[in-house]
Structures are given as C-alpha cells and as structure tokens.
Trainee: 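Would you mind keeping the following structure in view while I ask a few things?
The sequence lines fix the lettering, A, B, ..., with proteins before strands; numbering per chain opens at 1.
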Amino acid sequence: MSGHFAYVAASYAAAAMLILALIGWVFMDGRGRQKELKALEDAGIRRRSQAGRPS
Amino acid sequence: MTDNSLAIRKFSDLANPTRFLALAARLLPWLVGATALFFAAGLYLAFTTEGDYQQGETVRIMYIHVPAAWLSMMCYTIMALSALGTLVWRHPLADLSAKAAAPIGAAFTLMALITGSLWGKPMWGTWWVWDARLTSVFVLFLMYLGLIALNRAIDDPGKAAKVCAILILIGFVNIPIIKFSVEWWNTLHQPASVVRLDGPTIDPEFLRPLLVMAIAYTLLFFTLHIAAMRNEIWRRRVMALRRQAARSIGREA
C-alpha cells in the first residue's frame with residue numbers, strides 16, 4: 001500500500017457515512033409516517049374512500 | 001365504466017398514488033436486493049483490481065467519486081423532467097418525485113465534492129481550486145439546498161410544487177455547463193474519459209469496477225427515490241386525515 005492509503009480510506013468512509021445517513025433518514029421518515037397513519041386509523045379517522053370498508 | 005382495480009396497465013395509471021404505493025411495495029425488496037448485490041460486487045472489484053501506474057492506490061477513489069458525480073447530474077435531470085410533469089401535465093406524482101429527489105441529489109453532490117477533494121490533495125496537491133468544473137458542481141450543491149429550503153418554506157404543497165418546478169427548470173442550465181465545463185474552459189479537472197463520443201479512453205481494468213459501481217449507485221438512487229416518494233405520499237395522507245378530523249370536530253361542536 002502506498003502512502004496515499006489514508007486518502008482512499010477517508011474517501012470510502014465519507015461516502016459510506018453519507019449513504020448510511022441517507023438510507024437511515026429515508027427509513028426513519030417512512031416508519032414515522034406509518035406510525036402516524038396507524039395512530040389516526042386507530043382513532044377511527046379514515047380516508048373517505050375507505051370509510052365504508054370494514055377494517 | 002369505472003375501473004377500480006389497482007393493476008397498472010399504462011404509464012398514466014401511475015398517477016394514482018394508491019397504485020404507486022402498491023407498485024413500490026412490490027418493487028422495493030427487489031431493488032434493495034439488487035443494490036446490495038451490485039455494491040458487494042463493485043466493492044470487491046474496486047479493491048482487487050490493480051492500482052494505476054501513476055496514481056497508485058488513489059485510483060480507487062474514482063470508483064466512488066465518478067458515479068456520485070454522474071448521479072448528482074442524473075438526479076437533477078430527473079427533477080427537471082418531474083418539473084415538466086408538474087407544470088405541463090399536472091401529474092400528481094411529479095411534484096412528489098421532484099421533492100423526494102432533492103435531498104438525495106444533494107447527498108450525492110456532497111459525496112462527489114468530498115471524495116473529489118480527497119483525491120485532489122494527493123494528485124493535484126490541493127484540496128480545492130475554483131476551476132469551472134469544481135465551481136459548477138458546488139453551485140449544483142447550493143441549488144439543491146436552495147430547492148429543499150424553498151419547498152419547505154411554502155406550506156401549501158400545490159403552490160410549493162409550482163414555484164420549485166419553475167426554479168428547477170431555470171437551474172437546469174447548470175447541467176450542460178457542468179458536463180462541458182472541462183472542454184469549454186481550462187480546468188485543473190481532467191476532461192471526460194468514459195462518456196465521450198469516441199468511446200472510453202480508460203483501461204478496461206478500471207472501467208469494469210467503475211461501471212459496476214455506477215450501476216450500484218443508480219440502483220441505490222432509485223431505491224431511495226421510490227421509498228422517499230412513498231414517504232411523501234404517506235406524509236400528505238397524514239396531513240389530509242388530520243384536516244379531515246379537525247373539520248369533523250368542528251361540525252360536531
């Protein structure tokens with residue numbers, strides 16, 4: 001390995017951190033919204049198109 | 001005749017958010033799997049192929065830097081097409097697509113800037129120069145941030161979509177500037193060596209891992225984009241349901 005290994009390692013670490021942060025953010029955002037929808041549904045609030053359907 | 005089925009038969013059927021959710025649920029597991037596979041293969045190739053005779057190990061930065069730069073431009077192009085969808089066809093999902101893509105594009109642009117800087121220091125002797133390529137990519141990053149901020153500053157989603165769509169289309173002028181900056185001006189950044197009219201000038205030893213990583217990045221982008229669009233549909237449903245609940249309380253009182 002040449003003396004430039006630190007630059008290669010830092011690049012891969014930075015890219016991995018950004019990608020993981022992006023995946024984490026999209027995943028947590030989805031979970032949060034699903035939880036809110038579930039809470040609303042549990043409270044008996046439904047979309048008009050599904051109001052008449054049995055749960 | 002009314003068609004209540006959720007099957008998608010033509011492109012315009014995607015305009016129904018419920019149909020889109022069904023399609024996303026079916027597609028996402030496959031996309032996640034394919035993304036992981038291509039990243040595994042790409043990373044394996046990235047670290048098993050030979051180093052460059054001049055650049056040594058630092059050539060491996062190319063495998064994460066170049067795809068990130070490509071994706072930063074592809075993402076903006078998708079946003080520009082979505083902006084057309086909002087303004088011309090008033091497609092209900094176009095605005096979700098543009099809004100969901102912006103943070104993903106910003107992340108890929110930042111990745112291209114950081115990895116480029118870490119590659120520039122050992123190869124050029126500097127972290128940063130204000131040459132045409134680097135500056136135009138930095139402007140792209142600022143545009144992504146501006147679009148995210150503008151979209152969030154306007155409460156009414158319909159109004160935000162229209163204003164942002166216009167700004168996205170104006171900003172699209174930067175994409176050909178980024179692509180051709182290395183030919184139009186004297187830049188420290190090298191000219192294109194893969195996407196050029198006379199074919200790639202890069203050795204197959206480096207081209208193979210680069211292309212596999214580019215496919216991996218593209219799959220990652222579409223996985224995240226579809227998932228973020230789905231989140232946005234859910235967010236709007238929550239907003240609509242809360243408004244509906246507030247109205248019904250108002251009627252009962």
Trainee: Give me the ring orientation class for B:F221 and B:F108: parallel if the planes are under 30° apart, tilted from 30 to 60°, perpendicular past 60°.
Mentor: tilted

Trainee: Hey, which of B:I64, B:L220, B:L110, B:I114 has the most heavy atom pairs under 4.5 Å with chain A?
Mentor: B:I64

Trainee: Contact part of B:L43 toward chain A, heavy-atom cut-off under 4.5 Å: side chain, backbone, both or neither?
Mentor: side chain

Trainee: Can we say B:R60 and B:E57 salt-bridge, meaning some charged N sits less than 4.0 Å from an Asp/Glu carboxylate O?
Mentor: yes

Trainee: Just checking B:Y217 against B:F222, ring centres under 6.0 Å apart?
Mentor: no

Trainee: Looking at A:D29, A:I45, A:I23, A:I19, which one has more heavy-atom pairs under 4.5 Å with chain B than the rest?
Mentor: A:D29

Trainee: For the pair B:H65 and B:H189, name the ring-plane relationship: parallel under 30°, tilted 30 to 60°, perpendicular over 60°.
Mentor: tilted

Trainee: Can you see whether B:Q55 engages B:W119 through a side-chain donor-acceptor pair at a distance of less than 3.5 angstrom?
Mentor: yes

Trainee: In terms of heavy-atom proximity below 4.5 Å to chain A, should B:R230 be classed as side chain, backbone, both, or neither?
Mentor: neither

Trainee: Can a salt bridge be assigned to the pair A:D42 and A:K35 using a cut-off of 4.0 Å between side-chain N and carboxylate O?
Mentor: no

Trainee: Side chain, backbone, both or neither: which part of B:L241 has a heavy atom under 4.5 Å from chain A?
Mentor: both

Trainee: Which bit of A:A14 is near chain B, if near means a heavy-atom gap under 4.5 Å: side chain, backbone, both or neither?
Mentor: side chain

Trainee: So which part of A:L37 gets closer than 4.5 Å to some heavy atom of chain B, the side chain, the backbone, both or neither?
Mentor: both

